[in-house]
Amino acid sequence: MTKNVSILGSTGSIGRQTINVCRRNGIKVKAITANSNTELVYKQALEFKPELVAVFDEDAAAILQNKLKGENIRVLSGMQGLIEAATLQSTDCVVTAVSGSVGLMPTLAAIDAKKRIALANKETLVCAGELVMKRAREKKAEILPVDSEHSAIFQCMHGRENELSRILLTASGGPFLGKSLSETENVTPEMAVSHPNWSMGAKISVDSATMMNKGLELIEAMHLFSCNCEDIEIIIHPQSIIHSMVELKDGTVIAQLAAPDMEIPIQYALTYPERASICNEKLDFSKLSDLQFMLPDLEKLPCLRLAIECAKKGGTAPAIMSAANEMAVALFLNRKIKFNEIYKAVSEALSHIPATNADTLEKILEADSRARDFIRENYN
Ligand code: NDP
Ligand code: MG
């Protein structure tokens, strides 16, 4: 079980819930990081007295350094700060809860330092899954999923790897479930981020609304559980009570159910192989009379369709898709493009940038930066 943790992205939705898990379980927080939210990271620093606080933005880091004068806390900035937090000697587990492919380099650094990684940052596995998993195997670094679906699959599969037939990856369907493309034409960022079951950061909320999130999760699952796209079926389950399932060879299906509460999978990744108690909401079966399941209609979900194509294609296609999507979602949140243009932008980036194999970090970083340049040049 984890005793000392570094939280990359401690000011975000997963980061703040990780802090709750640490408080509840007496886990020491040795390093925290943010992009620019100095106010919250300052409060967290005063509460936990970590060895290191890293703020990506240099100006914000300078402000924080000034505020923390007199405390015995190192303040760093930029990628170096994230990497130091990921490799801190006193830490045994790194929670990667930054949003986007900025998580890749610190995740690799944590693997090299043989840390346990509680991985929330799915974009890292989408852009460089093969490389990351290979490195983790070589270094014997443990990667434990935080994403609720992957935590569910991990728990259902445990010890049954040889009996597996299929993974059944569930999806809530997001706030626009069943809507046609013409009906989502004029949705606003406010509408897109109001998810029916989960309260999450803005980027993943928009990904849930386009269902690109399920495509990212499909690729994340392929890498985490060493399987092909064809071994995973996506099933829409709007209530988010079953967090995913595995089907065994004889047709037996094992599901993991829990209240939609990210503290449960976060805590499991931190306490694994033990389980700690949690006093948040538990499932009340008297209120669960209506659990629904349906297959996704890919005609209405072009981002998911695109992600499935990229999952099958492999190489740097998922890296191009994920980076273009990050940029397009940011433009949508800043009201520079419309909701349905997210798909258009990502699909154009994929047709303009040829995918190569993804066997080196350089190729992946180049694919990522070419996708970002493409969106910057064509959509700003
Ligand atoms: P948030 O947007 O709420 O938080 C992101 C965190 O990362 C913040 O601490 C933010 O700092 C920091 N950050 C953002 N950009 C950068 C950057 N360029 N450099 C350094 N730090 C940065 O995201 P979530 O917590 O929702 O999601 C985090 C990750 O977890 C994502 O990959 C997401 O897909 C995944 N995930 C999230 C779930 C959820 O329920 N939220 C569920 C499953 C997976 P600041 O506050 O200063 O901006
Ligand atoms: Mg998820």
Side-chain angles (χ1 to χ4, degrees), residues 7 9-21 95-100 103 118-123 126 145-155 168-179 184 187-218 220-221 234-245 255-270 278-284 287-288 290-294 296 301 303-304 307 325-326 329 332-333 339 342:
I7 309 172
S10 62
T11 51
S13 160
I14 294 288
R16 283 178 272 122
Q17 294 177 88
T18 305
I19 296 263
N20 290 343
V21 169
V95 181
T96 62
V98 293
S99 174
L119 185 115
N121 176 240
K122 62 190 80 181
E123 294 89 347
V126 173
V146 164
D147 212 340
S148 57
E149 294 79 359
H150 304 75
S151 177
I153 296 163
F154 176 72
Q155 294 176 62
L168 306 172
L169 178 68
T170 55
S172 70
F176 309 133
L177 177 60
K179 295 227 183 313
T184 53
V187 306
T188 61
E190 290 74 19
M191 289 154 83
V193 300
S194 67
H195 195 279
N197 307 334
W198 301 96
S199 160
M200 310 181 284
K203 193 256 174 186
I204 183 176
S205 297
V206 176
D207 286 347
S208 298
T210 60
M211 277 197 74
M212 174 60 90
N213 182 52
K214 211 44 58 179
L216 300 176
E217 290 185 353
L218 169 78
E220 184 186 12
I234 296 170
I235 297 176
I236 297 191
H237 163 48
Q239 292 76 23
S240 300
I241 296 296
I242 292 180
H243 297 298
S244 276
M245 304 177 263
Q256 188 256 356
L257 289 74
D261 175 357
M262 283 308 297
E263 287 189 25
I264 299 171
I266 295 170
Q267 177 168 288
Y268 190 58
L270 292 181
I278 217 164
C279 46
N280 300 354
E281 189 194 338
K282 299 251 160 70
L283 281 188
D284 177 353
K287 294 187 184 138
L288 290 182
D290 192 18
L291 295 186
Q292 296 164 323
F293 305 93
M294 61 204 87
L301 300 165
C303 283
L304 178 57
N325 179 61
E326 252 187 69
V329 169
F332 168 67
L333 286 168
F339 183 72
I342 297 173

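Scope of the values below: all heavy atoms of this structure, side chains included, with no hydrogens, waters or symmetry mates.
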Counting C-beta onward and ignoring hydrogens, is there a side-chain heavy-atom pair between [X] and [Y] closer than 4.5 Å?
X	Y	result
Ile264	Asn280	no
Val146	Leu119	no
Glu149	Lys214	yes
Thr184	Met191	no
Met211	Ile236	yes
Val95	Leu270	yes
Met262	Ile14	yes
Met212	Val206	no

(message) How long is the straight-line distance from CD of Gln155 back to CD of Gln256, given to the nearest 0.5 Å?
(response)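 It is 4.5 Å, given to the nearest 0.5 Å.
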(request) With rounding to the nearest 0.5 Å, note down the distance linking SG in Cys303 to CG in Asp207. (result) 8.5 Å
Any donor-acceptor pair under 3.5 Å linking the side chain of [X] with the backbone of [Y]?
X	Y	result
Asn121	Gly100	yes
Ser205	Gly201	yes
Lys282	Ile278	yes
His237	Leu291	no
His243	Ala258	yes
Ser240	Pro260	no
Gln292	Gln239	no

(message) Set out, in order, the CA-CA distance, both residues' side-chain angles and the distance that settles side-chain contact (heavy atoms from CB on, under 4.5 Å) for Ile234 and Glu217, then state yes or no.
(response) CA-CA 10 Å; Ile234 296 170; Glu217 290 185 353; over 6 Å; no
For [X] versus [Y], what's the shortest heavy-atom pair and its separation?
X	Y	value
Ala307	Gly215	CB-CA, 3.4 Å
Ile7	Gly15	CG2-CA, 4.1 Å
Ala118	Ala269	CB-CB, 3.9 Å
Gly174	His195	CA-NE2, 3.9 Å

(message) Exactly one of Thr170, Asn197, Leu288 should register a side chain to side chain contact (heavy atoms under 4.5 Å, CB included) with Ile241. Which one does?
(response)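 One option only clears the test, and that one is Leu288.
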(message) Which residue in the set Ser148, Ser208, Ser13 passes side chain to side chain contact (heavy atoms under 4.5 Å, CB included) when paired with Trp198?
(response)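 Among Ser148, Ser208, Ser13, the one that satisfies the side chain to side chain contact (heavy atoms under 4.5 Å, CB included) with Trp198 is Ser148.
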(request) Could you label the plane-to-plane angle of the Phe339 and Phe176 rings as parallel, tilted or perpendicular, counting under 30° as parallel and over 60° as perpendicular? (result)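 Correct class here is perpendicular.
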(message) Side chains of Ser194 and Glu190 only: does a donor on one sit below 3.5 Å from an acceptor on the other?
(response)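 Not at all, the side chains of Ser194 and Glu190 share no donor-acceptor pair under 3.5 Å.
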(request) Test side-chain contact (heavy atoms from CB on, under 4.5 Å) on Gln17 and Asp261 and set out the steps. (result) CA-CA 9 Å; Gln17 294 177 88; Asp261 175 357; 4.3 Å; yes
(message) Regarding Lys203 and Glu326, does a basic nitrogen lie under 4.0 Å from an acidic carboxylate oxygen?
(response)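 No, no charged N to carboxylate O under 4.0 Å.
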